[in-house]
Amino acid sequence: MAENADFADFVSVFHKRVGGAVRGLLADWGTPGLEDDFVLEPASKRGHGDLATNMALVAASHLRQQPRQLAERLVEAMRLDARLRDLARFEIAGPGFINFHLHASVLVNAARDALVRGSQFGARTQARPQKILMEFVSANPTGELHVGHARYAAYGDSLKRILAFIGNDVAAEFYINDFGAQMENFGASVAARYAQALGLEVELPADGYRGEYPRYLAEKIRGEIGSRLRGEIEPATTGKAVDFFKQRGCEIVLEEMKAELDRFRVRFDNWFSEAGLYRSGAPGKVVEKLKDLGEAFEKEGALWLKTTGHGDDKDRVLIRGNGEPTYFASDIAYHVDKLSRPEHYDHLVNIWGADHHGYVSRVKAAMQALFPDRDEPEIIIGQLVNVIEMGERKQMSKRKGTMVTLKELLAGIGVDAARFFLVDRSHDSTLDLDMEKARLKSEENPVYYVQYAHARIFSIIKKAAAENFKPVDYAGYDALSSQERQLILSILFFPQVVQGAATGREPHRLTAYSRDLAGAFHTFYHNCPVLKAEPQTASFRLDLCLLVRNTIARSLDLVGVSAPEAM
RNA sequence: GCGCUCGUAGCUCAAUCGGAUAGAGCAACGGACUUCUAAUCCGUAGGUUGCAGGUUCGAGUCCUGCCGGGCGCACCA
């Protein structure tokens, strides 16, 4: 408590004070931890005061006693606490809720305090900051980013911002799968398109990459090298040419992905190459290590990892019968690498699509075998995105061409609407995207509702400057309207919302919050004139506007959305 | 078949450890611009939280079964 005093926000201070007032009582009752863990929620919406707690109900379920009677005794204890009495009055309602009515002056002071904290309001609330390495998107470098990737990019980047805001040291990494059969296939496909562009009769590999993109890459490479590699390709693509097209094609793809992600306001601190991992011999080394640990065994000509010893439902191949390591082996090496770096990460977070969820337990099993004393990596599974075309739901597929690219999404609805839209729903429900509708509906994207509130405030601020408005001291102002109470309360919960979004890994709480806050502001705006009010009222309301502006801008920034000054 | 996951208003989604009358936005309907931006506000309507049981003071939330959608069940990545 003491070490965080500088960053303590009103709600958590109030929470501690309430807990302190009833600590002895709860200890007598033997409800361990309740004095620190009880829920304090905003309640004004329901007309039950400003804040409420269900602690009597929780205690009742432990003690098997009447909640209302317990509530009476809790409130009695609270009334004995003079400092708490200075903040609020209390009452019992319903089955045993305790409602708090905050004194107006307390709300005014809390708002002013939040404003003074400026960019630090709600920040650095993490009790024990961690060094976190997040890995997400990690699209194969063989094509364009589509809206599925965009969803993870928006989700992962937002989560990164949120975790960093509350005090963690967070790095984002993109894992490049630039090794293996898929890449050979990709190189051969681009080589074939190159040859075709030169007028040669060369077929795409049987299961090669179709669609426009390899053609585009081939064309681009032809612009760079002309017909220099013509001889390497006819009549069939040779290893040397495939290597070149693989390499150069991959480089171009990555450059374009970077540029596209940059436009989407997603930046990775590191791009990690799987091929580089192989060059360093890491997969081989980790396999040796697993053998030494007695975790690997030979069967049917392959080398297996005994993942069933660590909770997986079957054992997994590390080295294939043909001597090649599996993707799994290199992925283990990759995770070992993450943990072995000089940064000494405390925690790894991987964000994977639902199509990889079968893979989770084997990676965890491998890491458990190698690092029995460390926390296992946290793997977040995000659901997929379907594309709706002509009213029909289709899974995205590069081959079938039913894919909407990130580029198209941004061209259609823009960065702000796209990021808000993608992050606004829980990552664990599938998302159906109808581009036609999205384009039509972008006008009514809730992001504009939120941004409009921000722009309105700027308008007030500009007007205040133009009129040379001189604020006066509003200490003692306590004639709060219900709209002001609601607005202040909404802001005071911002730190809790951020904290909840962080621990639950749920950035969508920020978009929901920003919408609520914008709503509270719009209501306030219609009922409470700012500059036309009495000087003291005007001064307070102007500060309140500044606070709302800061909080909306921060909420949007945490999900990578801009806060315009005018619309 | 087995495993994971989701199912909430016409649509898209919320709902903090199991708590008060399940909430927003959009769409629909009715009102509000002589005002700091009407991209807004106020109001009305809209629900057997997929179905059936169970646990308990209390279940959208936990447990069991069923129905439906998605994903997975490789010596692919």
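Side chains are part of it too, since the values below use all heavy atoms of this structure and drop only hydrogens, waters and symmetry mates. Here is how names work: the chains are called A, B, and so on, in the same order as the sequence lines, proteins then strands, and each is numbered from 1.
- A/Ala181 comes within 4.0 angstrom of nothing in the nucleic acid, heavy atoms only.
- Looking at heavy-atom distances under 4.0 Å, A/Ala464 makes no contact with the nucleic acid at all.
- Rounded to whole angstrom, the span from the NE2 atom of A/His508 across to the C1' atom of B/G25 amounts to 14 Å.
- Side-chain atoms of A/Arg456 lie closest to B/U40 of the nucleotides B/U40, B/C75, B/C71.
- If you take atom P in B/C33 and the same atom in B/C42, they sit 16 Å apart, rounded to whole Å.
- The nearest whole Å value for the distance from the CG atom in A/Asp312 to the C1' atom in B/C73 is 11 Å.
- In the set B/C36, B/A14, B/C73, the nucleotide with an atom closest to the side chain of A/Ser429 is B/A14.
- Out of B/A77, B/C71, B/U35, the shortest distance to the side chain of A/Tyr327 is found at B/A77.
- For A/Ser61, the side-chain atoms get nearest to B/C57 when compared with the rest of B/C57, B/A74, B/A15.
- Of the side-chain N and O atoms in A/Thr430, none sit less than 4.0 angstrom from OP1 or OP2 of B/U5.
- Taking the P atoms as reference points, B/C62 lies 22 Å from B/C2, given to the whole Å.
- Annotation: ring-ring contact (aromatic ring centres under 6.0 Å, His included) contacts of A/His15 (sequence neighbours excluded): A/Phe38.
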message: Let's go through A/Gln383 and A/His427 carefully: what are the C-alpha distance in whole Å and the side-chain angles of both, what is the deciding distance for side-chain hydrogen bond (donor to acceptor under 3.5 Å, both in side chains) to 0.1 Å, and is it a yes or a no?
response: CA-CA 6 Å; A/Gln383 296 301 313; A/His427 66 276; over 6 Å; no
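- A residue-by-residue look at A/Leu531 and A/Phe421 shows that A/Phe421 has its nearest nucleotide of RNA chain B further toward the 5' end.
- At a threshold of 4.0 angstrom between heavy atoms, the contacts of A/Lys532 are confined to the sugar-phosphate backbone, with no base atom among them.
- Rounded to whole Å, the separation between the C1' atoms of B/G53 and B/C73 comes to 31 Å.
- Considering only side-chain atoms of A/Ile460, the nucleotide from B/C71, B/C36, B/C41 that sits closest is B/C36.
- Going from atom CE of A/Met55 over to atom P of B/A20 covers 17 Å, rounded to whole Å.
- Each of A/Glu324 and A/His427 was assigned the nucleotide of RNA chain B with the nearest heavy atom; the assignment lying further toward the 5' end belongs to A/His427.
- Within the cation-pi definition used here (under 6.0 Å to the ring centroid, within 45° of the axis), A/Arg210 does not qualify as a partner of A/Tyr213.
- For A/Glu378, the CD atom counts as densely surrounded, since its 6.0 Å shell holds more than 12 non-hydrogen atoms of other residues, nucleotides or ligands.
- A/Gln66 comes within contact range of no nucleotide atom at all, as no heavy-atom separation falls under 4.0 Å.
- In this entry the distance linking CG of A/Leu51 with P of B/A20 reads 16 Å, nearest Å.
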task: With pairs defined as Watson-Crick or G-U wobble and both distances under 3.5 angstrom, please note down RNA chain B as a dot-bracket string, | for pairing with another strand.
output: (((((((..((((.....[...)))).(((((.......))))).....(((((..]....))))))))))))....
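- Whole-Å rounding puts the A/Leu34 CG to B/C17 P distance at 14 Å.
- Under the 4.5 Å side-chain criterion, counting only non-hydrogen atoms from C-beta, A/Tyr448 is in contact with A/Asn445.
- A/Asn99 contributes a side-chain N or O that forms a donor-acceptor pair with the base of B/A20 under 3.5 Å.
- Between the CG atom of A/Asp543 and the P atom of B/C36 there is a distance of 21 Å, rounded to whole Å.
- For the pair A/Tyr334 OH and B/A77 P, the interatomic distance rounds to 17 Å; values are reported in whole Å.
- In this structure, of B/C71, B/U16, B/A38, it is B/A38 that holds the atom nearest to the side chain of A/Tyr525.
- Using atom P as the reference point in both B/U16 and B/U21, the two lie 16 Å apart (nearest Å).
- Nucleotides B/U49 and B/A15 have their C1' atoms positioned 11 Å apart, rounded to a whole Å.
- Look at the C1' atom in both B/C11 and B/A28: the space between them is 12 Å, to the nearest Å.
- As judged by a 4.0 angstrom heavy-atom cut-off over every strand, A/Ala455 is placed among the base-contacting residues.
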task: Please test A/Asp424 against A/Arg515 for side-chain contact (heavy atoms from CB on, under 4.5 Å), starting from the C-alpha separation and ending with a verdict.
output: CA-CA 10 Å; A/Asp424 193 32; A/Arg515 205 181 354 226; 3.1 Å; yes
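- With B/U5, B/C41, B/C36 as the candidates, the nucleotide lying closest to the side chain of A/His522 is B/C41.
- Its glycosidic angle being more than 90° from 0, B/C26 falls on the anti side.
- Within the 6.0 Å centre-distance limit, the rings of A/Phe100 and A/Phe14 are counted as a close aromatic pair.
- Residue-level contact check: A/Asn54 touches the bases, meaning some heavy atom is under 4.0 Å from a base atom.
- Taking the side chain as every heavy atom from C-beta outward, A/Phe420 and A/Ser514 approach each other to under 4.5 Å.
- Listed nucleotides B/C42, B/C36, B/C13 differ in distance to A/Arg425; the shortest reach to its side chain belongs to B/C13.
- Under 4.0 angstrom from either OP1 or OP2 of B/A38 there lies no side-chain N or O belonging to A/Tyr449.
- Not a single donor-acceptor pair, N or O on each side, falls under 3.5 Å between the base of B/G72 and the side chain of A/His356.
- Of the listed nucleotides (B/C36, B/C71, B/C75), B/C75 has the atom at the smallest distance from the side chain of A/Trp304.
- Nucleic acid contact class of A/Ala60 (heavy atoms, under 4.0 Å, all strands): none.
- A/Asp543 is linked by a side chain to side chain donor-acceptor pair (under 3.5 Å) to A/Tyr474, counting only residues two or more places apart in sequence or in another chain.
- As judged by a 4.0 angstrom heavy-atom cut-off over every strand, A/Gly321 is placed among the base-contacting residues.
- Checked for salt-bridge contact, A/Arg23 and A/Asp36 meet the test: a charged N lies under 4.0 Å from a carboxylate O.
- The interatomic distance linking A/Phe328 (CZ) with B/C75 (C1') rounds to 13 Å, in whole Å.
- Look at the P atom in both B/G50 and B/C6: the space between them is 13 Å, to the nearest Å.
- For the C1' atom pair drawn from B/C67 and B/G30, the interatomic distance equals 41 Å after rounding to whole Å.
- Ring centers of A/Phe494 and A/Tyr513: under 6.0 Å apart, within the cut-off.
- Using a 5.5 Å limit on the distance between ring centres and a 30° limit on the angle between planes, the aromatic ring of A/His48 counts as stacked on the six-membered base ring of B/A20.
- In this structure, A/Asn527 reaches neither bases nor backbone, as no heavy-atom distance under 4.0 Å exists between it and the strands shown.
- In the set B/G72, B/C41, B/A77, the nucleotide with an atom closest to the side chain of A/Thr523 is B/C41.
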